[in-house]
4 protein chains.
Amino acid sequence: MVERIVEAARVVLVRDGYESFTTNRVADEAEVSPGSLYQYFPDKSALVTVVMDRWSAEISDRVAASLAASGPVDVQDPAAVRGIADALLSALEADAGLLRIVWEELPAVRHRAAQHALETRVRELLAVYLSAAGLRSADPAARAWVIVMAVENIAVRWVLDRPAISRDDLLDELTALAGGFASGSGADARSPE
Amino acid sequence: MVERIVEAARVVLVRDGYESFTTNRVADEAEVSPGSLYQYFPDKSALVTVVMDRWSAEISDRVAASLAASGPVDVQDPAAVRGIADALLSALEADAGLLRIVWEELPAVRHRAAQHALETRVRELLAVYLSAAGLRSADPAARAWVIVMAVENIAVRWVLDRPAISRDDLLDELTALAGGFASGSGADARSPE
Amino acid sequence: MVERIVEAARVVLVRDGYESFTTNRVADEAEVSPGSLYQYFPDKSALVTVVMDRWSAEISDRVAASLAASGPVDVQDPAAVRGIADALLSALEADAGLLRIVWEELPAVRHRAAQHALETRVRELLAVYLSAAGLRSADPAARAWVIVMAVENIAVRWVLDRPAISRDDLLDELTALAGGFASGSGADARSPE
Amino acid sequence: MVERIVEAARVVLVRDGYESFTTNRVADEAEVSPGSLYQYFPDKSALVTVVMDRWSAEISDRVAASLAASGPVDVQDPAAVRGIADALLSALEADAGLLRIVWEELPAVRHRAAQHALETRVRELLAVYLSAAGLRSADPAARAWVIVMAVENIAVRWVLDRPAISRDDLLDELTALAGGFASGSGADARSPE
DNA sequence: AATGAATGAGTTTTCATTCAT
DNA sequence: CATGAATGAAAACTCATTCAT
């Protein structure tokens, strides 16, 4: 039943948009009475939260799965970062419909928590790479934060806006950004080594 | 009159948040009747759009002004990028209240156009630097897009979330990211030169 | 418009009872949209309050009018109290339908204020009589309070429950109660005269 | 089981008020399923009725017990009426919480029957005294009805509203009212003495 | 008997929008 | 142009009651 409702919620969200995401419509879609919905969720926003949490977890899992599937990561290899970015891109593309609603229609407040969770997980993944790559940044945490924020927006917007950049080129750019940047040393990254 | 309404709209937005941003409340704040409001704006969303457009223009202008004030930019100098980032940060900080509402409460659809305009202007600013810096990227447009997306999210989130990174350090990181990256050469940025 | 709504509210209250007193039904009866109702009353309970206040005022006025019509009151005359009681009874009978709803269906909280106002006015009327009658009670205020509470319930219940007591007999009893009582002297009322 | 439910109903009524008195909450409090509740009570109002009946009986009993405890009543003695009033006051004070809910939140319809039963019993008690006191009223039944209505409201409102009248003074007034009144001369009260 | 998940009609309230003045 | 009273569709949420297990 919870399953049915959450699935219906997701369908309504993607199909009709957040403006039309009403408790009655979700109930309709789930072929359930509005009252039943309130037996499992305290209010409408709880429903959104659950959908968001699941989606965020799915993305995390997909990223993790992708990485696992591509074998052990040699963190010395620049390709490692490419792998992470690739996995993230694929994960976002898997449900671009929901991504669009979340990013463009949902007030950020509604998915803040899920987004934070995702960012944290990606930051952790990145941290492994960064530390192993022997980066010399004065503040590794700051650097990780910066990279994650950068990659997040770039990946999302690429999927949603489809700028005239091929997937491969984008991955090249992302690798350059995170990689070149990471192996550099803060503000002096551009000086000869 | 339009002036009065738009100003009232902005006040209501910042003071009461988007949830409480109702046409009636805006009319009240503007000391105008709700009917009058519809003589100048086709509907509620048009109001939001105008507020967003103005704000976006303000930020553009502030960035431009900052740059102009700091004298001619030597695009060969890494400090140039720092200047742009600094100006952007200041512009965003100038009305952090509105920034928060826009970013966290407004469904993105509502400020999409304004955001695009801003991104474009910043991209143009950046393009000057990038080309002059003699970057060897296969696709300068792609690179500019990537950098702008990265900087946008980083700057906004830094202002809103106030992570434990000093302004100076953030600027260092941004400079490293855009600069080191820009002077590199795409996917090969990390190979010995 | 306010008039129309209040009148409709009263009609619905009397005709359908408090259980069926819904904002939509009142709007229907007033041939007005539910929204209009909320332009003049903050919420449903405000509507009830206004109906109650008006009704309470009507009763006060009717009592006052009755007394005025019957000429100057000789407070020395026991008949004076009979006049007050008579007037009160008539006033209550004038809209027995509403009285029934108020007393039997409305939770007291809803008409507490109106009831208090009425009690106070009657108490004031009574006070004139009591003091002039040269009562020797230790605590005139207490006595007035007691009499008003007594008369209130007796009058209301007589109108609503129609016990087998004629109007005249009831007035006799009430006069005896307030009059005999009043002219006595508290706990010593039963002592030989 | 019935016991458990009725007790729970009473608890919920006193603790949460009538607005929050829902069948589900009663079931919760009784640690019973809502379905079970409907095996013993046809509907919600039946539940209220039973609680009211019990409470009314309790008050009757308490009054009777008080009187019994204070020894045989000398009906010629004015103190007799004082005793009845005192007993009633104590009985009402014993569960002032419930009294408040019943009087102020419950629509009277809900406890009409119980109230009638109580009134009848008190009227009977009073009748003994009145007849023995050799009252000369034309209609003893009418007089008893009047006194009971008077005392009922006075006692209840004194307990609930706590006017600035001491318990002793109140009893004095009540005694004067019922006693003086009773020993007076009813229908002849208006004729010169 | 006991359960408790499911119901769904119905409630109060909001607010973007209109249109006669 | 300006007004602002009026609108009314629709939203979130409740709760007495049922009935298959």
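Below, chains carry the letters A, B, ... as their sequence lines are ordered, and counting in each starts from 1. Predicted model, so just to flag it, every value in this text is computed and none were measured. Computed over heavy atoms, backbone and side chain alike; hydrogens, waters and symmetry mates excluded.
- The pair D:Asp95-D:Arg10 counts as a salt bridge, with a side-chain nitrogen and a carboxylate oxygen less than 4.0 angstrom apart.
- In summary, D:Arg54 and D:Glu58 do not engage in a salt bridge, as defined by a charged side-chain N under 4.0 Å from a carboxylate O.
- C:Ser36 has a side-chain polar atom (N or O) that falls below the 4.0 Å cut-off from OP1 or OP2 of F:dT7.
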Between side-chain atoms of residues 44-52 of chain B and protein atoms elsewhere (two or more places apart, or another chain), which donor-acceptor pairs fall under 3.5 Å?
| residue | atom | partner | partner atom | Å |
| --- | --- | --- | --- | --- |
| B:Lys44 | NZ | B:Phe21 | O | 3.0 |
| B:Ser45 | OG | B:Asp43 | OD1 | 3.3 |
| B:Thr49 | OG1 | B:Ser45 | O | 2.9 |

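- With salt bridges taken as basic N to acidic carboxylate O contacts below 4.0 Å, none links D:Glu31 and D:Arg4.
- Rounded to an integer number of Å, the gap from CD of B:Glu19 to C1' of E:dT14 is 13 Å.
- Between D:Glu19 and D:Arg25, none of the side-chain N atoms (NZ, or NE/NH1/NH2) sits under 4.0 Å from a carboxylate O, so this pair counts as no salt bridge.
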Dot-bracket encoding of pairs in DNA chain F, which uses [ ] for pseudoknotted crossings and | for another strand, Watson-Crick or G-U under 3.5 angstrom: .||||||||||||||||||||

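- In this structure, B:Glu105 contributes its side chain and B:Tyr18 its backbone to a donor-acceptor pair below 3.5 Å.
- In this structure, B:Arg4 atom CZ and F:dA2 atom P are separated by 10 Å, rounded to whole Å.
- At a threshold of 4.0 angstrom between heavy atoms, the contacts of D:Phe41 with the nucleic acid are absent.
- To the nearest angstrom, C1' of E:dG8 lies 15 Å from CD of A:Glu31.
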Annotated protein contacts, base or backbone, on nucleotides 16-21 of chain E with a non-hydrogen cut-off under 4.0 Å, one of B, S, - each: BBB---

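- The two atoms that bring D:Ile5 and D:Ala30 nearest to each other are CA-CB, 4.2 Å, heavy atoms only.
- Counting to the nearest Å, the P atom of E:dT14 and the OH atom of B:Tyr18 are 18 Å from each other.
- What separates CD of B:Gln39 from P of F:dT3 is a distance of 9 Å, to the nearest Å.
- Regarding A:Ile5, its CD1 atom lies at a distance of 12 Å from the P atom of E:dA5, rounded to whole Å.
- Mapping B:Val32 and D:Ser20 onto DNA chain F by nearest heavy atom places B:Val32 closer to the 5' end of the strand.
- D:Asp61 has a carboxylate O that lies under 4.0 Å from a charged side-chain N of D:Arg121, or vice versa, which qualifies the two as a salt bridge.
- For D:Asp28 and E:dT3, the CG to C1' distance is 13 Å, given to the nearest whole Å.
- The nearest heavy atom of DNA chain E to D:Met1 and to A:Ser33 marks one nucleotide each, and the one closer to the 5' end goes with D:Met1.
- Here the shortest heavy-atom pairing between A:Gly17 and A:Ile101 reads CA-CD1, 3.9 Å.
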